[in-house]
Amino acid sequence: MNLTLKIWRQAGPKAKGEMVTYPVTDISEDMSFLEMLDVLNEQLNARGEEPIAFDSDCREGICGMCGLMISGKAHGPEVTTTCQLHMRSFSDGDEITIEPWRADAFPVIKDLVVDRSSFDRIIQAGGFISANTGSAPEAHSVPVPKPKADRSFMAAACIGCGACVAACPNASGMLFMGAKITHLGELPQGQPERDARVVSMVSQHDHEGFGGCTNVGACSAACPKEIPLDVINQLNKDLRGALMRGE
């Protein structure tokens, strides 16, 4: 498979970026997208050129580090993480555009690498419980109804990759934040700080420069873990309740 790659190159956060075209040849359809970029970087190294910086870690679809905009879509044409996207999803002769996440709250560090520490600061603002739980409790020591446990587990599947922000025309982080709010809000351990949690996290979200949600739905469509939009409804419901109670 022969491809033409148009890749965003930016030397640093303050540097001016540009799209640079790279041809790649003899790419196997069984390669992952990141393996294809590895091949390109090997070729660049052999020519004495600067390799392309991009994030990756587990390469198993678990950590969310690998996020890229691929031909205008977060993580590419399949609903999966970039590391689990394979070249069989493309055709011989394709031109592929590769960019970093598009959001002011995710500033570019270099090339395709962005700073997603804004997500960390949202979690630090309230995405936790402060009760001392001690050692691991027995599974049934705190009864949780199965529908609530299932919903909490669904929301906890969010890997914080940022695809929701990149896909949203407003660069909103509400799906990510809604998943964290729902995850803890469905469990007994999350109840004591429920009101303070949602107010603090929403305040931090807005402070970081994320946009507001206008229910476009692109976030959920791009989410590799298929987090549903109703977690945003839960977030809004919790926030209204907290404000009414004077939090």
Indicate every side-chain donor-acceptor pair of residues 213-229 with a distance under 3.5 Å to a residue at least two apart or in another chain.
| from | atom 1 | to | atom 2 | distance (Å) |
| --- | --- | --- | --- | --- |
| T214 | OG1 | N170 | ND2 | 2.8 |
| S220 | OG | I227 | O | 2.8 |
| K225 | NZ | G61 | O | 2.9 |

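- With hydrogens and angles disregarded, no donor-acceptor distance shorter than 3.5 Å links the side chain of R197 to the backbone of P192.
- In this structure a side-chain-to-backbone donor-acceptor pair under 3.5 Å is missing from H205 to F210.
- Qualifying side chain to side chain contact (heavy atoms under 4.5 Å, CB included) partners for A149, counting only residues two or more places apart in sequence or in other chains: V144.
- Legend: residues meeting side chain to side chain donor-acceptor pair (under 3.5 Å) with N233, ordered by chain and number and at least two apart, are absent.
- With a 4.5 Å cut-off on side-chain heavy atoms, E60 and C83 do not count as touching.
- For D94, the side chain to side chain contact (heavy atoms under 4.5 Å, CB included) partners at least two apart in sequence or on another chain are L3, F90, S91, I96.
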Taking only distance into account, with no hydrogens and no angle test, what donor-acceptor pairs under 3.5 Å do side-chain atoms of residues 152-159 form with protein atoms, sequence neighbours excluded?
| from | atom 1 | to | atom 2 | distance (Å) |
| --- | --- | --- | --- | --- |
| S152 | OG | H183 | O | 2.7 |

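- For S89, the side chain to side chain contact (heavy atoms under 4.5 Å, CB included) partners at least two apart in sequence or on another chain are P77, E78, L85.
- In this structure, the side chains of V202 and D206 come closer than 4.5 Å at one or more pairs of heavy atoms.
- At least one donor-acceptor pair under 3.5 Å links the side chain of W101 to the backbone N or O of C161.
- Residue pairs satisfying the salt bridge (charged side-chain N to carboxylate O under 4.0 Å, His left out) criterion with at least one member in residues 32-49, sequence neighbours excluded, are listed as follows: D38-R59, R47-E49.
- With sequence neighbours left out, the salt bridge (Lys or Arg N to Asp or Glu O under 4.0 Å) criterion links K148 to E186.
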- prompt: What's the verdict on side-chain contact (heavy atoms from CB on, under 4.5 Å) for T182 and L235, showing C-alpha distance, side-chain angles and the deciding distance?
  reply: CA-CA 7 Å; T182 302; L235 166 65; over 6 Å; no
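- At least one side-chain heavy atom of E95 sits under 4.5 Å from a side-chain heavy atom of K6.
- D92 contributes no side-chain N or O that, together with a main-chain N or O of M1, makes up a donor-acceptor pair within less than 3.5 Å.
- Residues T82 and H75 bring a donor and an acceptor atom of their side chains to less than 3.5 Å of each other.
- Under the 30°/60° scheme for interplanar angles, the aromatic rings of F106 and F119 are found to stand perpendicular.
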- prompt: Yes or no on side-chain contact (heavy atoms from CB on, under 4.5 Å) for D111 and I7, after CA distance, side-chain angles and deciding distance?
  reply: CA-CA 8 Å; D111 294 339; I7 302 178; over 6 Å; no
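- Listed for the Q191 side chain is a donor-acceptor partner under 3.5 Å among the backbone atoms of L187.
- Within the 4.5 Å cutoff, side-chain heavy atoms of L44 are placed close to those of I52.
- Contacts classified as salt bridge (charged side-chain N to carboxylate O under 4.0 Å, His left out) and involving residues 234-243 (residues at least two apart or in different chains) are given here: R194-D238.
- Here the side chains of L5 and M36 are in contact, with some heavy-atom distance below 4.5 Å.
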field: side-chain contact (heavy atoms from CB on, under 4.5 Å) between I181 and M201, intermediate numbers included
entry: CA-CA 9 Å; I181 292 292; M201 291 180 73; 3.7 Å; yes
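- Of the possible donor and acceptor atoms, one in the side chain of S200 sits under 3.5 Å from a partner among the backbone N and O of A196.
- At most 12 heavy atoms of other shown residues, nucleotides or ligands fall within 6.0 angstrom of atom CG in D104.
- Checked against salt bridge (Lys or Arg N to Asp or Glu O under 4.0 Å), D115 has no partners two or more places apart in sequence or in another chain.
- With sequence neighbours excluded, the residues satisfying side chain to side chain contact (heavy atoms under 4.5 Å, CB included) with R121 are S117, S118, Q124, Q204, E208.
- Applying the side-chain hydrogen bond (donor to acceptor under 3.5 Å, both in side chains) test to pairs two or more places apart or on separate chains, those with a residue in residues 12-26 are R9-Y22.
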